[in-house]
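Working notes for the structure below.
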Amino acid sequence: MPAVETTPGTSQPQTTPDSSQPETSTSPSRTGPARRWFHSAVVYQIYPRSFQDSNGDGIGDLRGIIARLDHLAALGVDVVWLSPVYASPQDDNGYDISDYQDIDRMFGTLDDFDELLEQAHARGIRIVMDLVVNHTSDEHPWFVESRSSKDSPKRDWYWWRPAREGMEPGAHGAEPTNWEASFSGSAWEFDQTTGEYYLHLFSRKQPDLNWENPEVREAVYAMMRWWLDRGVDGFRMDVINMISKDTSLPDGHLTHGGLHGDGSPHYLCGPRIHEFLQEMHREVFEGRKDRLLTVGEMPGVTVGEARLFTDPERREVDMVFQFEHVGLDHGAHKWDRRPLQLVDLKASLGRWQAGLADTGWNSLYWNNHDQPRAVSRFGDDGRYRVESAKLLATVLHLHRGTPYIYQGEELGMTNVPFAGAESFLDIESVNYYDSAMLRGLDSDDVLRALREGSRDNARSPVQWDGSPHAGFTTGEPWFPVNPNHDEINAEREVADPDSVFHHYRRLIELRHTDPVVADGDFHMLLPEHPTLYVFTRSLGEESLLVLANFSGDELAVPDLPGQPDWAGAALVIGNYAPGPGAGAGADAEAAGEGAGGLPALRPWEARVYRRAG
Ligand code: TEU
Ligand code: CA
């Protein structure tokens, strides 16, 4: 029996969404939310320090991005999400901001930014900024002022608390709560100046802003309006579901190490989160041009909450990044790695498809700057790297939702072959390694988990060509280029019509031109099959069948319950070059044509078929 119900579950006649509707129209349509422009859009994420260096200092920058805009135009993406380029001490690679209204010199200037905006817009590409307002840098003037004295006018802009009752301030265990920070250790930092602690859910250089204070909210909204006035096209909102905390700040249940507690139930999707996002919408977005994009990054968000966040009637955000499918290979925590089961992946993504079928909208992603490379994690980055990279692209881009491509994913870039502990640079990995060693964990086990799960996997420079630093820089790159760049690089990908790059390009084009891909209903089939990912999309008389073999073995296509005969349907796209293959033409029987009447799937093969009527 299917473990989950993944069908929208009605059999009423379908209507084609009317693309002439105004962008902001929320009038109900049978297939769910009214058609919005981003239903047929694809977003590309740039992590600027690793994208392209223009001045030889080894760090990617804005002029480097400008120089590579034609790569993005050739790929066909509609939107770029730019990871933070604001002034920052770079404790967490820019997710610690010291001036929201300036560009870090490492990346360039506001003039460079304006030029990037202009050049991107000239190519029909929108630019969405990363908005990091759960916390600032401890070097932001707001925090410098706040920490200066208990009477500071900005004292209440952050979360200051005295030591736990009856305990010596600064003493072991005297932190106001037992919460653990995302980057290891206590989430509270003792500050000598005033003898109090401040809250930091991430590093100690990332103090959390107090959104309870209306002045904080107004300052953030003013800054957002300033960027929109400058011409940016929206925001990807960093950990935005952490901005409302339970103000009584209760202790959390003890976590794996037993040293700290899990505070997340008290700060994820807290009591005022919807109120804050609605206020932000009113104060920042109302009355502006239609084609803006807002996406909230929301660790731990449930389908039910996501329906509320993304229901257009509620005016909160267009879509959220949920984390369920990137947690399926974790045990008790992210460094407790376990093998991914395809059945779990299908159950999870299928539940999100069903849950947001009639209200709201999904974002779709396999990886980003915080996650291992997709092909290494969900595919086979050895023998079937090219096939499995294309398969993953096919499966994701055929789901209903807005797909996000992380830089290098379109080239089939892989995880990094880390030598030892010293090869990890990310604050999360470095802190975890140190704390694990202090707790006496086995260093080989810890290194194995880091190799698999470290955020550094995503942060090696984009591989543009086969030259010594992969065309990323003429200097010494801040992070070594992956040695496989002689084989995997943009120059080769663009030159080869059968490459991963061109496969992505075709999928993007398909979303742009095919209403079924953008808006069709999603229906999961064979949820219990261990290696076959199969689903349909349908809109009006048209249907697509997506088949993907998540294994290195040939696979006969089984009976597809409740499906019409797909034999003879037109192939829309596949990840094997056309020509004789498993089950093609006369070889069908020999290659094991399955009960479904369709040719068997070769290792990591994915195919999409179309039926009209
Ligand atoms: O990430 C928030 C987040 O919860 C993660 O994906 C985080 O990297 C993960 O929990 C670590 O295991 C966002 C940013 O994407 C990330 O780069 C920042 O470090 C973090 O917020 C703090 O701003
Ligand atoms: Ca540079």
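Here the structure is a predicted model, which is why all the values come from computation and not from measurement. Indexing begins at 1, ligand by ligand and atom by atom, following the structure's order.
- A salt bridge between Glu324 and Arg351 is present, with a side-chain N of the basic residue lying under 4.0 Å from a carboxylate O of the acidic one.
- Under a 3.5 Å cut-off, the side chain of Asp61 and the backbone N or O of Ser54 do form a donor-acceptor pair.
- A distance-only check finds no donor-acceptor pair linking the side chain of Trp211 to the backbone of Lys245 [under 3.5 Å].
- Heavy-atom minimum distance, Asp130 versus Asp238: OD1-CB, 3.9 Å.
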Chi angles and distances behind the side chain to side chain contact (heavy atoms under 4.5 Å, CB included) call for Leu364, Thr402: CA-CA 6 Å; Leu364 308 168; Thr402 300; over 6 Å; no

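- Under the 30°/60° scheme for interplanar angles, the aromatic rings of His135 and Phe202 are found to be tilted.
- Take a cut-off of 3.0 Å around the Ca ion (ligand 2): the protein N, O or S atoms inside it are Asp53 OD1, Asn55 OD1, Asp57 OD1, Ile59 O, Asp61 OD2.
- Classification of the Tyr100-His140 ring pair by plane angle, with boundaries at 30° and 60°, yields tilted.
- Using modelled atom types, no side-chain atom of Asp456 and backbone atom of Phe424 make a donor-acceptor pair closer than 3.5 Å.
- When heavy-atom distances to ligand 1 are checked against 4.0 Å, the residues falling inside are Asp92, Tyr95, His135, Phe183, Phe202, Gln206, Arg236, Asp238, Val239, Glu297, Pro299, Phe323, Lys334, His369, Asp370, Glu428, Arg455, Arg459, ordered by chain and number.
- Ring-plane geometry between Trp179 and Trp188 is classed as tilted, the angle between the planes lying from 30 to 60 degrees on a 0 to 90 degree scale.
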